[in-house]
Each structure stands twice: as structure tokens, then as C-alpha cells.
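In what follows, a single structure is set out as C-alpha cells and then discussed.
Numbers for residues simply follow the sequence, beginning at 1.
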Amino acid sequence: MATLVRNTVSLFKQLHDAFPTVFSSAALCTFPTLIAYLFLAYCGNVRESEKPSAIPVPAMESWIPWIGKSVQLMQDPLTFIVESRRKYGPLFEMTTWGSKLIVATDPGMLMSLEHQCKDLNPSTSRVDAFRALTGIHDSERMTEVMSTRIMPVSSKILSPSGTLKSGLMAAFNERLVHNFDVLTADLKANDPKIMRLSDFISYHLFCASTNSLFGPTFPFDSYPHYAIISSSIQILHSPMANWPFVACKARRARQGMIDALIKYTEDWWHNGGQIEGASQLVGQSLIIMKEENLSIEEAAGSLLISLWGALFNVSAMTYWLTAQLLIEEKIYTSLREEAVDKHYMDAPLLESAALETLRTGSVPPPTRSVDADAKIIVDGKHYFFQKGSRIISEILILATGDYYNPDIYADPHFFKLERFFDESLPRPKPFGEGHHFCRGMHLAKLEIKSFISHTLKHFNLKVVGLKELPKLKRAGLIPDVLGSDNITLEISLCD
Ligand code: HEM
């Protein structure tokens, strides 16, 4: 305070010396102004001394308050982010729908931010995702139980050795083969089937994944609800989701899915015992949820979240790989020859194709919220991150990132089937980085490879009409791979 008074007196002296007449009369007439000045300067000084001496993250200007850059981000996010990076560098800030969003565009950046600052956490975005997917407004408790109690159990079960021992893949394959047998019988009796590629992938992966997690008592006929939810995720995430007459179909589907999961859990929840064929992952999660006094509806919501986490990205990556092989005949033929000869776990071409898919595919960006003002070093510069900002790590959709760097991957924009025969190439990691990297990555890779191998062994797939890779759309920040689908398939039996 003493410094402040000294500074104020000195300021007065300087102003008086510079403008003696004007200042003296003004000062005499405006004693209240002086008090106000002292007060404001004091507040300013306090804030100044608390602020770290760091530069702000470069911010985009926008003429439209609140909406900021939301429209550009929704319309063509890829071009928008790539151009923004060129203009502002690898870290920049923009306003979308009233909140500040910091975009981190280089691999390793999120991990470095997390290591330097303990006040970055994923909870806010996860609470939002829980709300969007389950419709349960008060979802903080569910998120906390998932993060603190269920995540450690999942990490153990989904480790490389855990995944092999868990029986998850056996149950996945069992249902996939069952579905394909049903389709085979149908194709024997009827004409070839015409359908969208995304519907083919999404339905069979849904059945295989739910069987693997929940066992054979899962209500597989809930798929239509899931399909509606996954095509409406953007609107369910938006602030309009709860307005009357908006997203009614999507909200009904969401409730339908929760009801199906309640029905699945009910008997065990009230009477105990065991759910036939349920994975250890689901069994242990349910025990924890009951111990934590979640309601059965919250438990069903949490199961839906787990299913979504396990299925959404696997479907998107499987779609991407299938689209590539349908567009390029050589890839199709080579992978099919290998599939007939070799098991999917011991198929080098398929392994390389899966890695190439993970290099070029797209996933929703990991998001963190900044819980307290922080000073963080990026590329040797100290940046000030304001409390309340959100950070997204956009490393995969960028044609400028490492995954498209021609010095690392030759002809990076081409899908090269045999690229990863070169063992010296860095393996792509679309599974996040830092504290919250994907726990299911080993399972995910096995599921993608198994799906492709079984499909190629059972069926002939042919594109009907337009033979072109889809241009990726986004649902808000989420890459909408399945929603971008423009491939129609004719499915027949192998000769
Ligand atoms: C190709 C498929 C997949 C991709 C690309 C993928 C990607 C990701 C990414 C980027 C994250 C980090 C999110 C963040 O930092 O906020 C993540 C987290 C997670 N993933 Fe995956 N995932 C896939 C499949 C799976 C599967 C099959 C499972 C489980 C069955 C799974 C379980 C998890 C879990 C539990 C987390 C949260 C980890 C934590 O918060 O500590 N994922 N995933």
C-alpha cells in the first residue's frame, strides 16, 4: 500500500509539472476522482503482482462477442485450424460459444503442459460428455467415480497382458462370427445386400463390442437407439439440447439406451449374483458403482459412457481402413489374400495397414480445463493460461503435424499399405498423451484387425456408385467420420 501511495503522489507531481494550470483546478474539483483512482490503482496493483510475468497465448480477434470463431470452426475445422496455426503459431486462443478455447497443435504439447501444471484436468469436458450422452444433468458424481475408482481398475484389465487374459477379444470374435453367420445365411437365401458402409461397420462392431463388455444377455436390439445417438451427438452436446421441441428423437433414443441398460443391470442390482458372460471390466465397475451409492440410472449412464468410449473411435478407425481398401483395389486384394492365409494377430500387412490407419485417421481432441491461473513454458516462452480456459489438443487432424511431415513419413498424404514394414518409423499414437492416454489401445487395435480380417474372409465388398474417400466432417469438435460416409456397398458371399 505504501508503494501505491508513493506512486500516486509521484504521478500527481509529474502531471502537475506537465500541466500545472489544468491539473491543479481539475484535481481540486475532483477529489472523489482521486479516491476512485487510488482504489482502482490498488486493485490493479494487487492483480498485477499476482499475475505471473508471462505473455498471453496469442488470441484471435473476433468482431462478434460470445460467438467468436464458432462458425468458422464448425464449417470447416480442418482448414480453419491449419490456417490459424500458420498465422498464430502452434498455440493460440479463440472464443467459441462464449468460452475461451486454447488450441495446442503439436504432438507432445499436451503432455508437456500437464507435466508443468497440475491444474489442468479433463473433468469439465467429461462432465459435459456425460450430460450429453446420458441426459443426466447432475453428472459430476458419476464422472468422479469413473475417474477415481473405475479408471484404475480399467487400466489393469486393459493392459497388454490383461487384455489377452481378459477374454474380451474371445467374446468380441464370438459375436462377430455369429453375426456374419446370420448374414451369410441371408445372402445364401437372397440377393446381395446394398447398404452404407458406415451402417455395416457400426452395427457389427456394436454387437461384437457389447458382447465383449456385457455378455450375451445384453439387449442387442437397442442398436437403433445407439445409431440415433451417434448421429446426433453434435446436437446433444449443444446448449440447445434441452430446449423444448429440439432433438426430441435423439433424446428419446438416449433414454431408450439408458432404459435398455437398466433392464440389463436390474436383476443383478437388486438381487446380486452374476451377470452371465459379463466382462470383468463391467462386473467390477458395477460393484464399485453400487459401493459408491450411485443410483441404477447413474450406473446405466456410466455403462453407456464406457460403451461409447470403447466403440466410437474403433468404429471411426475401422471405417477409415475399410474405406481405403474399398477405394484401392490393390490394398483390398493384398489384405484379402493375407486374411485367408493368416490369423489377424499374425498378419504383417494388416498390422501395417492398421498403423497407417491410426496415422491418417481422426479422433476427438483431448480436452482439459484450466482450474487456476497458470504460467506454463511452451517452446521456451512463458505463457499465461487464464483460469477457466479450455485447452484442446488437435494433433491428429492437422496436415501440418508430425504425422504428415514428409521428413518423417515419405508421401505423407498417401495411404501406403506397407509403410510400417519399416521398423524405424515412429509408431502413430492417436491414443492421447500424458496422464489420460487411452487405456484401451491394445484392445482397440486387435478389434480393428479382427473386424477387417473376418469381413474379408467372409464377404465380397464392392462399392456401388461414387468411389471416393469421404471428406471428413466434424460434429462440433468431434470428427464425424461415420456421418461423413459417402460409400454405398454391395455385399455378397465370397466365391
Ligand atoms: C482406435 C480406437 C481408440 C482411440 C483412437 C482412442 C483414443 C483415446 C484418446 C485420444 C484418449 C485420451 C483422452 C484424453 O486425453 O482426454 C482416450 C482415453 C481413453 N480410452 Fe481410448 N481410444 C480408442 C479405443 C478405446 C477402447 C477400445 C477402450 C476401452 C475398451 C478405450 C478406453 C479409454 C479410456 C478408459 C480412456 C481414459 C483414460 C483416462 O482418462 O485416464 N479406448 N482414448
Side-chain angles (χ1 to χ4, degrees), residues 74-79 176 179-180 182-208 223-224 226-234 249 311-340 349-350 353-354 356-357 359-362 397 399 411 413-417 448 451-475 478-495:
M74 301 285 278
Q75 272 173 346
D76 186 358
L78 305 190
T79 314
L176 192 63
N179 270 25
F180 284 0
V182 172
L183 181 56
T184 302
D186 187 349
L187 289 171
K188 274 186 184 153
N190 299 300
D191 290 339
K193 289 221 160 309
I194 308 281
M195 63 174 77
R196 278 181 4 131
L197 174 60
S198 52
D199 290 335
F200 174 71
I201 288 174
S202 183
Y203 172 65
H204 295 295
L205 278 179
F206 174 85
C207 293
Y223 173 72
Y226 181 85
I228 295 174
I229 299 172
S230 66
S231 63
S232 321
I233 196 65
Q234 177 176 13
K249 196 171 155 201
L311 193 50
F312 182 82
N313 285 319
V314 171
S315 305
M317 289 291 181
T318 307
Y319 175 87
W320 195 236
L321 175 48
T322 318
Q324 304 285 349
L325 65 85
L326 285 172
I327 301 302
E328 244 197 77
E329 207 150 331
K330 204 169 150 276
I331 301 184
Y332 184 94
T333 322
S334 312
L335 284 176
R336 169 178 248 167
E337 275 168 15
E338 190 187 64
V340 173
L349 262 188
L350 183 57
E356 186 66 337
T357 306
R359 182 183 73 85
T360 50
S362 195
I397 65 156
D411 299 325
H413 290 278
F414 287 98
F415 187 98
K416 289 191 173 180
L417 186 57
I448 296 168
F451 184 91
I452 297 289
S453 176
H454 280 99
T455 302
L456 291 176
K457 259 193 282 194
H458 278 78
F459 308 112
N460 267 327
L461 307 182
K462 210 169 82 188
V463 178
V464 182
L466 187 72
K467 203 171 175 183
E468 205 174 80
L469 278 177
K471 194 165 159 24
L472 188 67
K473 281 195 234 144
R474 302 252 297 199
I478 303 170
D480 187 9
V481 177
L482 302 179
S484 313
D485 186 17
N486 58 1
I487 298 179
T488 306
L489 267 190
E490 186 190 274
I491 305 180
S492 56
L493 284 176
C494 284
D495 312 322

(Q) Can you list everything that forms a side-chain contact (heavy atoms from CB on, under 4.5 Å) with Asp199? Sequence neighbours excluded, please. (A) Arg196

Q. Checking side chain to side chain contact (heavy atoms under 4.5 Å, CB included) for the pair Thr455/Thr322: CA distance, chi angles, key distance, verdict?
A. CA-CA 10 Å; Thr455 302; Thr322 318; 5.9 Å; no

Q. Which pair of heavy atoms, one from Leu461 and one from Tyr332, lies closest together, and at what distance?
A. N-OH, 3.0 Å

(Q) To check you understand the geometry: which heavy-atom pair defines the closest contact between Lys416 and Asp411, and what is its length? (A) NZ-OD2, 3.2 Å

Q: Measure the CZ-CD1 distance between Phe180 and Ile491 for me, rounded to the nearest 0.5 Å.
A: 8.0 Å

Q: Specify the closest pair of heavy atoms between Tyr319 and Ile201, including all atoms of both residues, with the distance to one decimal.
A: CA-CD1, 3.4 Å

(Q) So Phe459 and Leu187, do their side chains get closer than 4.5 Å, heavy atoms only? (A) yes

Q. Which heavy-atom pair separates Arg336 from Cys494 by the least distance, and what is that distance?
A. NH2-SG, 2.6 Å

(Q) Name the residue from His204, His454, His458 that meets the side chain to side chain donor-acceptor pair (under 3.5 Å) definition with Asn179. (A) His204

Q: Report yes if the side chains of Phe200 and Leu183 come closer than 4.5 Å at any heavy-atom pair, otherwise no.
A: yes

Q. What's the spacing between Leu205 CG and Thr318 OG1 if we round to 0.5 Å?
A. 5.0 Å

Q: Over all heavy atoms of both residues, which pair between Leu197 and Asp485 is shortest? Give the atoms and the distance, please.
A: N-OD2, 3.4 Å

Q: State which residues pass side-chain contact (heavy atoms from CB on, under 4.5 Å) with Val464; sequence neighbours excluded, sorted by chain then number.
A: Ile194, Thr488, Glu490

Q | Considering all heavy atoms, the nearest Leu417-Ala353 contact | A | CD1-CB, 3.5 Å

Q.
I need the Leu325 CG to Trp320 CH2 distance, nearest 0.5 Å.
A. 12.5 Å

Q.
Determine whether Glu338 and Leu350 satisfy the following criterion, side chain to side chain contact (heavy atoms under 4.5 Å, CB included), listing intermediate values before the conclusion.
A. CA-CA 8 Å; Glu338 190 187 64; Leu350 183 57; 3.5 Å; yes

Q.
Suppose we screen for side-chain contact (heavy atoms from CB on, under 4.5 Å). Which residues come up paired with Ile228, at least two apart in sequence or across chains?
A. Ser232, Lys249, Ala253

Q.
Using a 3.5 Å distance criterion without hydrogens, assess whether the side chain of Tyr226 forms a donor-acceptor pair with backbone atoms of Ser202.
A. no

